[in-house]
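Since the structure comes first, as structure tokens, the remarks are kept for the end.
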Amino acid sequence: MLFGGMFMRYSKLFIPTLKEAPTDAEAVSHKLMVRAGFVRQLAAGLYIYLPLGIRVMEKINRIIREEMNAIGGQEVTMPVLNPAEVWQQTGRWDAIGGEMFRLKDRGGRDMCLAMTHEETMTWLAAHDIRSYRELPQIWYQVQTKLRDEARPKSGVLRTREFTMKDSYSFDKDEEGLDKSYQLHLEAYKKIYTRCGIRFHVVQSDTGMMGGSMAHEYMAPSPAGEDDVALCDGCGYAANTELALSVPKASNAPGGNVEEVATPERRTIDEVTRFLKVTPDHLLKSILVMSDSGPVLALVRGDQTLHEKKLAKLIGPHRPGQKDEVKAALGVPAGFIGPMGHKVRKIADPVLKQGTYIAGANKEGFHLRGVSAGKHFSDAEFADIHTAAAGDACAQCGKPLRIERVIEIGNIFKLGTKYSVPLKANYLDEQGNEKPIIMGSYGIGPARIAAAAIEQGSDENGIIWPLAIAPYQVLIVPVNVKDARSMDIAEEMHTALEEKGFEVLMDDRDERAGVKFKDADLIGIPCRIVIGEKNLKEDLVEIKSRKTGVVEKVKVAEAVEAIAKKIVMENA
RNA sequence: CGGGGCGUGGCGCAGCCCGGUAGCGCGUCUGCUUUGGGAGCAGAAAGUCGGAGGUUCGAAUCCUCUCGCCCCGACCA
């Protein structure tokens with residue numbers, strides 16, 4: 001065939017594989033994406049996608065588009081460069097800090113690079129939706145977003161510039177929003193399932209966005225940045241930012257109130273060791289500084305205070321410094337007890353029962369026999385601890401599991417948070433002007449790719465799920481100088497492409513070992529090896545990247561065998 | 001933004017503590033041999049040591065400043 005025809009030839013493709021992973025790469029997906037020639041890093045949080053990387057991204061995006069279109073989503077594009085005005089109208093111009101890239105145009109007008117598109121999407125709705133007859137709408141885009149991340153990390157998982165599929169629903173009432181939300185909830189499940197990754201759908205924090213409901217899609221992986229609590233009993237699943245749990249009961253003995261000398265023992269660790277008790281016998285008093293003054297947070301010694309849970313009650317806060325502790329409570333840090341202080345106190349509900357050892361509010365001393373009734377009846381009780389593995393599910397009592405996860409998508413009920421300030425209103429059946437009820441829904445395609453690698457790789461390289469692999473089949477003629485091998489390789493290539501498969505042929509004049517190593521690294525699901533020895537018996541090899549299983553089949557039957565195999569594995 | 005680490009041929013590193021104008025592996029190029037799991041031999045090209053300033057007869061090595069990258073934490077609408 002002239003110039004190799006339209007065949008995808010490895011020798012012509014830019015696939016710069018590396019024997020060694022960059023030392024500064026930590027996450028498996030980061031190392032492998034670089035080594036296998038899918039991406040290159042330009043600067044912190046900025047990545048170049050190479051030909052193989054693009055193929056993967058396009059496959060993921062195609063799946064996303066198909067499922068979005070299936071629920072009535074309509075694709076649009078929004079400018080990446082935004083005027084400040086719309087962001088000022090919703091208040092986010094000021095509310096968002098250094099994470100937003102800002103600049104001025106030549107006329108001196110304030111502009112920003114969009115980090116999400118609630119504003120511009122709502123602007124569009126405000127201008128062009130008039131009547132309830134035009135609702136509902138679902139608009140989406142697959143677009144570049146920019147965020148000046150404080151800390152880009154883990155390769156493609158947290159970058160400053162990234163593609164995001166974001167969709168927005170516009171409804172006339174809450175009922176409509178419920179429906180749009182539900183459509184997305186299901187569409188997202190289909191998307192991740194089709195992409196071949198394992199995931200959980202969990203309740204998530206609506207955060208400072210103030211929406212009424214939110215879920216996150218989480219792919220289990222040690223490279224993740226979130227933790228979720230999961231209950232095998234009732235299916236409860238929530239981000240630990242809000243997961244409720246009932247800690248195991250403390251076996252702390254009761255006893256009288258008495259001071260005990262604990263010289264220079266300040267931390268839970270030091271005190272438990274010194275008094276020969278377990279951490280759940282202690283009460284931890286943590287002073288934080290909120291906008292409305294110091295707040296004393298109380299949790300059991302074996303619990304971890306969850307900052308976000310506390311933030312929901314008292315707003316933004318930070319840990320108190322040593323001198324602030326002294327100033328607010330008159331006690332040196334390390335010996336704070338819950339009793340007697342005038343500051344606001346928030347205590348975890350587990351502390352309602354039992355007696356504990358707490359700081360004595362006196363340097364070098366702790367106090368035994370501290371209980372809620374006697375010592376901090378003035379505290380507000382609220383779940384402020386971090387759900388831990390083994391805690392009981394708040395719904396059914398079964399033990400919770402904690403898993404580390406990558407956030408691969410989220411869905412939010414926004415309500416009228418954006419439609420009111422941007423005046424996105426419609427006229428209802430009675431002719432009354434009402435704000436549109438909105439939802440927003442995001443997916444990070446690059447995170448899907450990274451999660452797929454995190455969940456599927458071995459010491460030799462990537463193991464792509466078939467649906468998002470850059471190619472489905474790799475044909476490896478061992479000796480490219482052998483005419484018969486090449487003829488058969490090209491015939492099979494053509495035959496497989498005619499059946500609709502995506503095929504790459506490694507026509508490089510390299511030793512077999514080199515080709516095999518690259519094949520494993522790149523992770524194409526199905527590999528056909530055409531070698532002279534096997535050819536003498538009219539056989540070729542088919543090897544599954546995932547299982548490693550090799551089968552020899554007759555040349556004449558190879559194409560059918562592969563087609564069948566792929567269809568079966570895809571089912 | 002706080003803490004830590006690192007910047008030396010294309011990639012991965014040594015040299016730095018105890019200053020004396022760079023070395024190893026891989027890759028690249030040429031030739032011969034090899035040819036089913038990252039080949040062997042011979043030869044070659046390629047770095048002024050992130051940048052600036054300073055100390056010194058002399059700086060990759062010491063000092064100051066600066067830029068960049070990574071990790072932990074904070075942040076993450």
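Chain naming here is simple, since letters A, B, ... match the order of the sequence lines and numbering starts at 1 in each.
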| task | Give A:Asn460 one of three labels, base, sugar-phosphate or nothing, depending on what nucleic acid heavy atoms sit under 4.0 Å from its own. | result | nothing
| task | Check if the side chain of A:Asp518 and the base of B:G38 share a donor-acceptor pair of N or O atoms closer than 3.5 Å. | result | yes
| query | Which is true for A:Arg508 with a 4.0 Å heavy-atom rule: it touches a base, it touches only sugar-phosphate, or it touches nothing? | reply | nothing
| request: Identify whether any heavy atom of A:Ala95 sits under 4.0 Å from a base atom; if not, whether one sits that close to sugar-phosphate; answer base, sugar-phosphate or nothing. | output: base
| task | Can you tell me the distance, in whole Å, between the CG atom of A:Leu310 and the C1' atom of B:A74? | result | 15 Å
| said: I want to know whether A:Phe38 and A:Trp464 have ring centres closer than 6.0 Å. | reply: yes
| query | Is there a donor on the side chain of A:Glu541 or the base of B:G36 sitting less than 3.5 Å from an acceptor on the other? | reply | yes
| Looking at B:G37, does its base get a donor-acceptor pair with the side chain of A:Lys19 below 3.5 Å? | no
| query | In whole angstroms, how far is the C1' atom of B:C75 from the CZ atom of A:Arg147? | reply | 13 Å
| remark: Among the nucleotides B:A39, B:A74, B:C70, whichever has the atom closest to the side chain of A:Val514 is B:A39
| Just wondering, more than 12 heavy atoms not from A:Lys312 lying within 6.0 Å of its NZ? | yes
| said: Can you tell me how the ring of A:Tyr217 sits relative to the ring of A:Tyr192, calling it parallel under 30°, perpendicular over 60° and tilted otherwise? | reply: tilted
Do any N or O atoms of the protein come closer than 3.5 Å to N or O atoms of nucleotides 14-16 of chain B, and which pairs are they?
none

| message | Just the rounded figure in Å: distance from P of B:A39 to CZ of A:Phe516. | response | 12 Å
Would you be so kind as to tabulate the donor-acceptor pairs closer than 3.5 Å made by side chains of residues 530-537 of chain A, with sequence neighbours excluded?
unit_1	atom_1	unit_2	atom_2	d
A:Glu532	OE1	A:Asn479	ND2	3.0
A:Asn534	OD1	A:Lys552	NZ	3.1
A:Asn534	ND2	A:Glu541	OE2	3.4

| With no angle test and no hydrogens, is the base of B:G38 tied to the side chain of A:Arg35 by a donor-acceptor pair under 3.5 Å? | yes
| note | Residues passing the side chain to side chain donor-acceptor pair (under 3.5 Å) test with A:Asp509, sequence neighbours excluded, are A:Lys481
| message | Please determine whether a side-chain nitrogen or oxygen atom of A:Arg511 lies at a distance below 4.0 Å from atom OP1 or OP2 of B:A39. | response | yes
| task | Any strand is fair game: report the nucleotide pairing with B:C69 by Watson-Crick or G-U wobble, both distances under 3.5 Å, or none. | result | B:G5
| request: Specify the separation, in whole Å, of atom CD of A:Glu537 and atom C1' of B:G36. | output: 15 Å
| query | Can you tell me how far C1' of B:C76 sits from CD of A:Glu225, to the nearest Å? | reply | 9 Å
| Is there a donor and acceptor pair closer than 3.5 Å between the side chain of A:Arg40 and the base of B:G10? | no
| task | Write down the distance separating the C1' atoms in B:A52 and B:C71, rounded off to the nearest Å. | result | 28 Å
| said: Any donor-acceptor pair, under 3.5 Å, between the side chain of A:Arg158 and the base of B:C76, if you only look at N and O atoms? | reply: yes
| field | A:Lys565, NZ: over 12 other non-hydrogen atoms inside 6.0 angstrom | value | yes
| task | Look at the side chain of A:Asn82 and the backbone N and O of A:Pro79, then say whether any donor-acceptor pair between them is shorter than 3.5 Å. | result | yes
